[in-house]
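Being a predicted model, the structure only gives us computed values, none of them experimental. All ligand and atom numbering here is 1-based and tracks the order in the structure.
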Amino acid sequence: MKILVINCGSSSLKYQLIDSDTEAVLAKGLCERIGIDGAITHQAGAGEKKTEQYAMPDHDAAVKRVIEKLTDSEVGAVKDLSEIEAVGHRVVHGGEKFASSVLIDDQVISAIEEVSDLAPLHNPANLIGIRACAKLMPSVPQVAVFDTAFHQTMPERAYIYGLPYEYYENYGVRRYGFHGTSHSYVSKRTAALLNKPIEDTKIVVCHLGNGSSICAVKGGKSVDTTMGLTPLAGVAMGTRSGDIDPAICEFLAQKENLDIAGVMNVLNKKSGMLGISGISSDFRDLDKGMAEGNDRCRIAMEVFAYQVAKYVGAYAAAMNGVDAIAFTAGVGENQGTIRRMVCEQLSFLGITLDEEANKQRGEELLISTPDSKVKVFIVPTNEELAIAQDTQALVK
Ligand code: AMP
């Protein structure tokens, strides 16, 4: 089944046309600067990747251009639009309304709108993409796949904050968690690599990228995760602070003469690895800096690895055991240094890393030694494929 996967931001739109039966990516691309001037980068199969300027005043124009590209006789991937059997949309926040992916209808659109105050930057943009596709492909079924849905299995004790309970009841203030599509996909792959039914597994997924989150997956279900009401919580990330003492907000506001928006800007954009190193949010730069003796890069890397390891330990406690740890996303899949530093901190669990295997990157691989009590894997994530698979399951 040919499925178009859409990830729509406020001024961008990423797309992949996936054959969900063969898992092949038939075409992919990115529309940028929508509503400003517009540019599209498109690639069909293993063909050449080309960027062209193209005026896109709104998302309807972007979706129209994507369809033109996909059906183009030279750079396209299908003869005509009728070959595209479904569209799967990434939607960031499903609140408590969505515990799984759903076929989109008017009620679903209203429900996504209702939870938009929980993700005011993302959900409205996702809805614009859904509406644009519905307008231009009215007979094609559309599916919403939520970043939060996988975590709806968390028990109350993991998602209730130590705040007045009315804030949960009135405003939905609770832990939701994100990267759910990735945690779900990677935990399933990890269970397959363990050669065990997922119901019998206890897996910690470390999704480490620009944004990072860790998830305890027991019997295939999320039982705890590091991100919270928003994706700012958990481990220190590329530019996000992760968990800090909440009183720091007031302290900083006074010292730096900032309002709430100013403090939030610091926590979201100037903190984490960038803030600590003062050099970069990119782990490649930090790794290089540390190797060259830059002390602030070393501190950033050590803080990150230590925080990740602490959560893995916490989640081993949450699940009363752990069979496997999976590293995924940009850093998890590619950065042997971080994986080694995390695993060294976890030797108490009986983990030993195979140093040779840990030099590999970007492929599914066991990187712990045969006698390691907990198995450690690299498992590349594939959120687009997971969205296509959910879409296929619902449309069929
Ligand atoms: P993501 O948000 O999952 O795309 O991850 C982005 C992060 O992954 C950046 O900090 C990169 O430094 C890191 N990353 C991506 N590719 C590599 C690589 N080949 N080697 C080391 N780090 C990488």
Side-chain angles (χ1 to χ4, degrees), residues 5 7 9 12 14-16 25 28-30 32 41 49 90 92 121-122 147 150 177-187 189 205-215 225-227 230-242 268-292 294 296-308 325-343 353 355 357-365 367 377-387:
V5 174
N7 182 353
S12 69
K14 280 191 214 145
Y15 61 93
Q16 278 196 13
V25 178
K28 63 180 174 183
L30 165 69
E32 288 173 287
T41 304
K49 190 167 158 183
R90 175 192 180 211
V92 167
L121 294 179
H122 294 98
D147 273 19
F150 182 62
F178 297 86
H179 294 141
T181 312
S182 176
H183 288 302
S184 166
Y185 176 85
V186 172
S187 55
R189 289 299 317 145
V205 179
C206 301
H207 178 114
L208 312 179
N210 221 347
S212 296
S213 73
I214 313 191
C215 183
T225 190
T226 53
M227 284 180 170
T230 74
L232 182 56
V235 294
M237 308 177 211
T239 64
R240 287 174 243 168
S241 66
N268 272 304
K269 300 198 174 138
K270 298 185 177 169
S271 300
M273 300 300 102
L274 174 66
I276 299 172
S277 70
I279 286 186
S280 175
S281 62
D282 192 306
F283 280 79
R284 281 168 286 207
D285 300 334
L286 301 178
D287 194 23
K288 189 161 166 273
M290 182 168 83
E292 289 168 358
N294 182 304
R296 295 260 298 269
C297 290
R298 174 192 60 79
I299 299 171
M301 295 276 281
E302 285 185 0
V303 166
F304 183 75
Y306 178 71
Q307 291 191 358
V308 171
I325 297 167
F327 286 100
T328 194
V331 177
E333 291 167 27
N334 296 303
Q335 270 265 345
T337 317
I338 285 293
R339 292 192 299 254
R340 177 176 46 74
M341 290 165 77
V342 171
C343 289
L353 209 55
E355 292 288 344
N358 190 44
K359 287 183 186 152
Q360 305 300 315
R361 61 184 193 85
E363 57 175 322
E364 279 187 2
L365 191 70
I367 56 167
F377 295 96
I378 299 172
V379 180
T381 192
N382 193 338
E383 286 165 286
E384 291 79 13
L385 177 61
I387 292 173

May I ask you to decide whether Arg90 forms a salt bridge with Glu383, counting only side-chain N to carboxylate O separations under 4.0 Å? no
Separation of Gln335 CD from Leu286 CG (nearest 0.5 Å):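 So the gap between those two atoms works out to 8.0 Å.
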For residues 297-308, which side-chain donor-acceptor pairs fall under 3.5 Å, sequence neighbours excluded?
from   : atom 1 : to     : atom 2 : distance (Å)
Arg298 : NE     : Asp295 : OD1    : 2.8
Arg298 : NH1    : Glu302 : OE1    : 3.0
Arg298 : NH2    : Asp295 : OD1    : 3.1
Arg298 : NH2    : Asp295 : OD2    : 3.2
Gln307 : OE1    : Ala236 : N      : 2.8

Between Ser271 (side chain only) and Arg240 (backbone N and O only), is there a donor and an acceptor less than 3.5 Å apart? no
Can you see whether Arg339 engages Asn358 through a side-chain donor-acceptor pair at a distance of less than 3.5 angstrom?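 Yes, because at least one side-chain N or O of Arg339 sits under 3.5 Å from a partner of the opposite role on Asn358.
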State which residue, out of Val379, Thr381, Leu208, fulfils the side chain to side chain contact (heavy atoms under 4.5 Å, CB included) condition with Glu333. Thr381
Ligand 1: which residues have a non-hydrogen atom closer than 4.0 Å?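 If the criterion is a heavy atom under 4.0 Å, then ligand 1 touches Gly209, Asn210, Ser281, Asp282, Phe283, Arg284, Ala329, Gly330, Val331, Asn334, Gln335, Arg361.
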